[in-house]
Structure formats: structure tokens, C-alpha cells
Undergrad: 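This is the structure I have questions about; it appears just below.
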Number of protein chains: 2
Amino acid sequence: MGISKIEKFTEEQNKVAALAKALAHPARVAILEYLFKTKSCVCGDIVEEIGLAQATISQHLKELKSIGLIKGSIDGTRVCYCIDENNWEQMNSILNKFISTKKTQKNQCC
Amino acid sequence: MGISKIEKFTEEQNKVAALAKALAHPARVAILEYLFKTKSCVCGDIVEEIGLAQATISQHLKELKSIGLIKGSIDGTRVCYCIDENNWEQMNSILNKFISTKKTQKNQCC
DNA sequence: CTTTATAATCGCAATATTACGATTAATAAA
DNA sequence: TTTATTAATCGTAATATTGCGATTATAAAG
């Protein structure tokens, strides 16, 4: 990719992009939906639900965890994953600020 | 990437992911912000504003256009880009449905 | 017709992502 | 202690993304 030029952009632009990237794969969208839907957020259940290999799911979980949208707690040999409600709210407001607060302006020129 | 397994996911999950992907680079976020901010949405102005090479900006514009968030109209040798208000609204509601309507549920298990 | 201005496209290099089998690490159960 | 169970990590293949220089296509201007 050449070098990604994040230094050319504002903190906020980079944050919006990073959050959007976390949602930019259907498997991660599905994982998040599943975590909202069910209480049994054990990794193995997610693997069954989504239908990708365990290694692949683990990688997606790692990404979601690294940006803070989910958190995991160890329970014996299992790991229980959950939405991180606080960070989810924060993401919600950052993305909303970007995609929602613009719409009042009217400057269609084409 | 192996093969991307979009057939394993719902229409809606793929749509959310595709829209998020369009926002998943700070240059595209910056372009969209700029198009909202100014009326002079000529390609050359965007190139100057963002500070990446013309070929690179053109590629980002193409991506934004292909998912429908912006549209361009030819004006002599120039091309004038604008937010596609209708599709923007649609994206707004699809992403909002995903990131906002979940928050009422409480099922923290870790 | 020739020149100029503008933006799209091509071709390439560097890097990132997605996916998975195999292995490893950690804990529980026997 | 040995043996499952579970999830993380490693290594690798296939593919996508990002970025840019060079070229091309198009239309305006001279």
C-alpha cells in the first residue's frame, strides 16, 4: 500500500476511519450482532454461529477487541466475549457525528 | 485473502460492511467532509485540499462513487463531485440502524 | 489543427487483509 | 499425570488496498 499517510489527516478523521474499518467486514458485523443478541458469548459458539474456521474467528475477535468494541474474560478453558458498552457508545457518537450531523446542509451542485 | 465469504452473511450484514468499508480510510472521510463543507467540489480542489497525488484521489473518488455516496458531473475538462444526498440518507439509516438501535439491550456477561 | 488543462486509467511496488491448517498454551477433567 | 477442551498464535497462500508516476482521453482555448 505504499505508506498509509495517516499524518495528513486529523485525529478525528483517523478515528472515524479506524472505527469504520472495524465494521468493514461482514463477519465482524455478524459477530457484533450475535453478541448483542445472545448472552452466551463464548468463542466456540461464535465459531459455530458464523461458520468460519476457529482461527479466522479468533482473528476477527482480536481486531474487534483491539479497537475496544468488545472485551473478553477467561472462564476456564473458554473465553467469554461481550460488547464493551462504554466504548460502543463512544463509537456510536463518533460515527453518528460524522454520518448524521452533516445532512442539514444543502449544497448540491451536480 | 482466500475467498471472501460474503455468501455466509445476510444481505444487511454485507451492506453494513460495504458502507463501513467506504468510510474506512481517512482520505475518504476527509473527501466527504470537504464535499459537505464547500460548494466548489471540483476534483482538482480536492487533490489540493487532501494533499495526495491526483491518481490516488481519483481512485478514492471512484470508490466513493461506486458505492453511491457521491456523484460527479462533467463540466468541460473538469469534474464536479458532490454528495449524493439520497444515498447518503440511506447509508445514514442503514449504519444507524446497526450502531444505534442495539444500545438499549443490557447483557454484559464479562 | 495544436496546445493546454483536467481527470481517468494503467502498471507497478509495498503492504494489509482474509482465511485456514497446524501447532501451541492453558485449564479442566479423568 | 495424562488426556481432553478450548482458544490464541504461527505460517502461508490468495487477494485487496493504498499510493504514485506515466500515460491516455476529453474538451476548451488559441
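In this text the structure is predicted, and so the values were computed from the model without any measurement. Every chain is numbered from 1 and lettered A, B, ... according to where its sequence line falls, protein lines coming before strand lines.
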Undergrad: Can you tell which of D:dA8, C:dA8, D:dT26 lies closest to the side chain of B:Cys43?
TA: C:dA8
Undergrad: Starting at atom CG of A:Asp75, determine the distance to atom P of C:dA28, rounded to an integer number of angstrom.
TA: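 Taking CG of A:Asp75 and P of C:dA28, I get 8 Å after rounding.
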Undergrad: Counting the atoms with a prime plus P, OP1 and OP2 as sugar-phosphate, which does B:Ala55 contact under 4.0 Å by heavy atoms, base, sugar-phosphate, or nothing?
TA: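 Since a base atom lies under 4.0 Å of B:Ala55, the category is base.
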Undergrad: How close do B:Ile83 and B:Lys71 get, heavy atom to heavy atom, and via which atoms?
TA: O-CE, 4.3 Å
Undergrad: Using a distance-only criterion (donor-acceptor N/O pair, under 3.5 Å, no hydrogens), is the base of D:dA8 paired with the side chain of A:Gln54?
TA: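 Flag set: donor-acceptor pair detected.
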Undergrad: B:Ala22 and B:Ile67: which non-hydrogen atoms are nearest, and at how many Å?
TA: CB-CG2, 4.0 Å
Undergrad: Quick one: which of C:dC20, D:dT18, D:dT6 gets closest to the side chain of A:Thr77?
TA: D:dT6
Undergrad: Nearest whole Å is fine: how far is D:dA7 C1' from A:His60 NE2?
TA: 16 Å
Undergrad: Can you tell me how far P of D:dA8 sits from CD1 of A:Ile46, to the nearest Å?
TA: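 These atoms are roughly 9 Å apart.
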Undergrad: Is there a side-chain contact between B:Tyr81 and the phosphate of C:dT6, meaning an N or O under 4.0 Å from OP1 or OP2?
TA: no
Undergrad: Roughly how many Å is it from CZ in B:Arg78 to P in C:dT4, rounded to a whole number?
TA: 17 Å
Undergrad: How many Å lie between CD on A:Glu63 and P on D:dA8, as a whole number?
TA: 13 Å
Undergrad: C:dT17 phosphate, OP1 or OP2: any side-chain N/O from A:Lys21 under 4.0 angstrom?
TA: yes
Undergrad: Does OP1 or OP2 of D:dA8 have a side-chain N or O of A:Ser58 closer than 4.0 Å?
TA: yes
Undergrad: Rounded to whole angstrom units, what separation is found between the CD atom of B:Gln59 and the P atom of C:dC10?
TA: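 Between P of C:dC10 and CD of B:Gln59: 11 Å.
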Undergrad: Tell me the interatomic distance from A:Ile50, atom CD1, to C:dT18, atom P, rounded to whole angstroms.
TA: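 Nearest whole value for this atom pair: 14 Å.
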Undergrad: Which nucleotide sits closest to the side chain of B:His25: D:dT17, D:dG19, C:dG21?
TA: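 Of all the options, the side chain of B:His25 is nearest to D:dG19.
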Undergrad: Quick check: on DNA chain C, is the nucleotide nearest A:Ala24 upstream (toward 5') of the one nearest A:Gly76, or the reverse? Name the residue that is more 5'.
TA: A:Ala24
Undergrad: Just the rounded figure in Å: distance from P of D:dT18 to CG of B:Leu52.
TA: 11 Å
Undergrad: Using every non-hydrogen atom in the two residues, find where A:Leu35 and A:Cys82 come nearest and quote the distance to one decimal.
TA: CD1-C, 4.2 Å
Undergrad: Remember a base hit wins even if backbone is also touched, and classify B:Lys65 as base, sugar-phosphate or nothing at under 4.0 Å, heavy atoms.
TA: nothing
Undergrad: Can you tell whether the side chains of A:Lys37 and A:Glu49 come within less than 4.0 Å, N to carboxylate O?
TA: yes
Undergrad: In terms of relative ring orientation, are B:Trp88 and B:Phe36 parallel, tilted or perpendicular, with 30° and 60° separating the classes?
TA: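 Judged by the thresholds at 30° and 60°, the geometry between B:Trp88 and B:Phe36 is perpendicular.
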